[in-house]
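Side chains included, hydrogens not; waters and symmetry mates left out as well; all remaining heavy atoms used. Atoms within a ligand are numbered from 1 in the order they appear, just like the ligands themselves.
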Amino acid sequence: MKTLNVGLIGAGFMAKAHSLAIAGMPMYFWPAPALTNRKMVADLNEESAKNAALRLGYEQYTANWKELVENPDIDIVDIVTPNDSHAEIAIAAAKAGKHIISEKPLARNAAEAKLMLDAVREAGVKHMVAFNYRRTPAVALAKKYIEEGAIGKVLNFRGTYLQDWSADPNSPLSWRFKKDVAGSGALGDIGTHVVDFARYLVGEISEVMATTQTWVKERPIQSGGVDKLGTVKSGADVPKGEVDVDDELSTLLRFENGAVGSIEATRNAWGRNNFLTFEIHGEKGSLYFNYERRDELQVYFADDPADRKGFRTVYTGPAHPYGDALWPIPALGIGYGDTKIIEIHDFVKSIVEDTEVSPNFEDGYQIALISDAILQSAEQEKWVKVNEVLVQTP
Ligand code: SOE
């Protein structure tokens with residue numbers, strides 16, 4: 001069996017998720033499309049790189065990501081750094097002939113995403129953007145039902161992504177609140193996961209009409225080199241820095257196929273943790289999913305006999321997408337790490353079999369165009385067509 005060497009760039013919490021997936025993939029999927037070896041990890045801080053190698057099981061470490069990208073032993077470059085470095089790393093990795101998986105959002109804006117897409121196309125390498133939630137079995141099951149026509153023509157998609165880790169104004173100024181690093185706020189960080197759901201489940205989005213707000217205009221500057229997501233309070237006496245991205249977005253959607261919908265995303269919704277949901281209404285039924293209950297898909301079929309009509313809960317298991325690789329009975333529990341294992345499996349499979357995988361950089365670019373359209377719509381207070389969005393220079 002072939003072995004692919006992975007080079008991971010970044011050592012934050014996503015490094016843990018990706019490394020678990022790289023290590024765990026053949027434990028779930030057997031025979032695996034290839035074995036995956038944790039070859040090298042890079043972080044700008046040498047001590048973090050060294051610790052990451054030890055903790056996450058990489059053979060080598062470096063404080064210079066270019067060394068990793070140029071290492072002839074590396075087959076896959078896995079990018080888990082903040083958004084402002086995705087483009088530079090991915091373009092260099094493509095030029096070095098590496099297959100690339102990048103964390104989401106692909107880039108800070110559509111212009112940057114386009115450069116990344118051009119680079120991977122030119123190099124002929126495989127590419128993926130890590131919108132992992134579509135690989136939750138219940139979400140893939142919803143897709144299957146829609147494709148089989150179980151709920152008929154889709155009329156409406158309502159998606160939300162609600163968290164509360166930034167609701168406290170004293171939670172620190174993560175890079176996720178800085179436009180030059182993140183590109184946008186709740187939109188890029190979590191709203192794009194819902195945009196991915198909408199495109200995956202319903203189809204291409206043609207037009208948006210949005211509003212955004214920034215509730216907390218400045219936050220305590222964090223120290224210590226570790227990015228904190230509202231878990232540690234910095235205190236009122238700590239100097240503050242400006243937040244220049246959206247805390248909240250709401251947008252109406254029009255799809256190319258005639259469906260309509262909406263997306264709401266915020267990290268300031270007290271009491272909501274990872275409230276990533278969709279409700280889809282079709283001509284013959286409805287589907288509802290909430291990641292906080294991710295083993296379940298709620299389904300309603302309009303053709304059920306009158307005395308049995310009602311939402312029912314399907315608990316995902318062996319009969320459902322990815323079921324063979326997971327646990328032998330339903331409802332034993334899908335975790336965040338499991339979605340990442342499935343993701344890396346599908347990416348490795350596409351490399352070995354030379355097939356297309358989705359979501360890839362094309363999807364990442366399209367989602368970046370939709371995100372830019374959402375920001376332009378909010379600024380101009382009008383509907384914006386995605387194919388007419390003004391693409392800024394990177
Ligand atoms: C923070 O909002 C965050 O870590 C996002 O960046 C991830 O994409 C999401 O899956 C969990 O929350």
Side-chain angles (χ1 to χ4, degrees), residues 9-21 78-86 101-108 113 128-136 138-139 159-168 171-179 181-200 212 214-216 219 222 226-232 243 245-249 263-278 289-294 334-344 359 363-364 367-368 370-371:
I9 305 184
F13 103 81
M14 289 311 301
K16 178 162 77 175
H18 283 233
S19 302
L20 258 174
D78 187 342
I79 307 172
V80 294
T81 53
N83 308 347
D84 59 339
S85 53
H86 291 184
I101 176 164
S102 170
E103 256 310 317
K104 42 51 61 180
L106 184 59
R108 289 175 293 186
M128 188 180 208
V129 57
F131 287 111
N132 57 307
Y133 292 115
R134 65 153 81 179
R135 287 185 159 76
T136 313
V139 176
T160 70
Y161 201 153
L162 312 179
Q163 299 180 325
D164 71 359
W165 61 263
S166 77
D168 184 336
S171 71
L173 187 74
S174 158
W175 61 262
R176 287 171 160 81
F177 298 106
K178 298 304 293 175
K179 188 171 169 29
V181 187
S184 64
L187 168 62
D189 188 27
I190 55 175
T192 49
H193 282 296
V194 196
V195 175
D196 183 56
F197 274 180
R199 294 180 68 246
Y200 174 60
T212 60
T214 303
W215 300 121
V216 181
R219 292 180 178 274
Q222 54 185 350
V226 178
D227 192 54
K228 299 176 191 128
L229 296 188
T231 44
V232 179
V243 172
V245 293
D246 54 289
D247 279 332
E248 172 145 0
L249 90 107
I263 293 176
E264 290 173 71
T266 177
R267 302 167 297 194
N268 288 43
W270 280 122
R272 296 302 184 198
N273 298 293
N274 213 47
F275 201 85
L276 169 59
T277 73
F278 60 77
F289 169 79
N290 182 346
Y291 184 80
E292 290 186 358
R293 301 187 67 91
R294 56 198 159 275
I334 285 295
Y336 182 72
D338 300 328
T339 64
K340 288 287 182 192
I341 287 178
I342 298 170
E343 178 175 85
I344 198 77
D363 298 288
I367 291 173
I370 294 164
S371 302

Q: Could you find the nearest protein heavy atom to atom 1 (C) of ligand 1 and give me its residue, atom name and distance?
A: D189 OD2, 3.4 Å

Q. Is the closest heavy atom of M14 to ligand 1 under 4.0 Å?
A. no

Q) Going by distance alone, is a donor N or O of one side chain under 3.5 Å from an acceptor N or O of the other, for T277 and T160? A) yes

**Q.** Donor-acceptor pair, side chain of R267 and main chain of D189, under 3.5 angstrom
**A.** no

Q.
Using the rule ring pair (Phe, Tyr, Trp, His ring centres under 6.0 Å), only one of Y133, F275, Y200 pairs with H193; which is it?
A. Y133

Q) Are F177 and W165 near enough that their ring centres are under 6.0 Å apart? A) yes

Q | Residues that F278 engages under ring-ring contact (aromatic ring centres under 6.0 Å, His included), provided they are two or more places apart | A | F197, F289

Q) Does Y291 reach ligand 1, in the sense of a heavy atom lying below 4.0 Å from it? A) no

**Q.** Contact check, side chains of D84 and R108, non-hydrogen atoms, under 4.5 Å
**A.** yes

Q: Pull out every atom of ligand 1 sitting under 4.0 Å from any heavy atom of F13, numbered as shown with elements.
A: 4 (O)

Q) Between I190, L229, N268, which is the residue that forms a side-chain contact (heavy atoms from CB on, under 4.5 Å) with Q163? A) I190

Q. What residue and heavy atom of the protein are closest to atom 7 (C) of ligand 1, and at what distance?
A. K104 NZ, 3.7 Å

Q.
Taking a cutoff of less than 4.0 Å between a non-hydrogen atom of the residue and any ligand atom, is H193 in contact with ligand 1?
A. yes

Q | Close N or O approach (Y133, ligand 1; < 3.5 Å) | A | yes

Q) Which atoms of ligand 1 have any heavy atom of R176 under 4.0 Å away? A) 1 (C), 4 (O), 6 (O)

**Q.** Identity and distance of the protein heavy atom lying nearest atom 12 (O) of ligand 1
**A.** Q163 NE2, 3.0 Å

Q.
Quick check on contacts: which atoms of ligand 1 are under 4.0 angstrom from a heavy atom of I190?
A. 2 (O)

Q: Examine the proximity of ligand 1 to Y161 and report which part, side chain or backbone, both or neither, has a heavy atom under 4.0 Å away.
A: side chain

Q. Does V245 offer a backbone N or O that forms a donor-acceptor pair with the side chain of T214 under 3.5 Å?
A. yes

Q | N132 contact mode with ligand 1 (heavy-atom cut-off under 4.0 Å) | A | neither

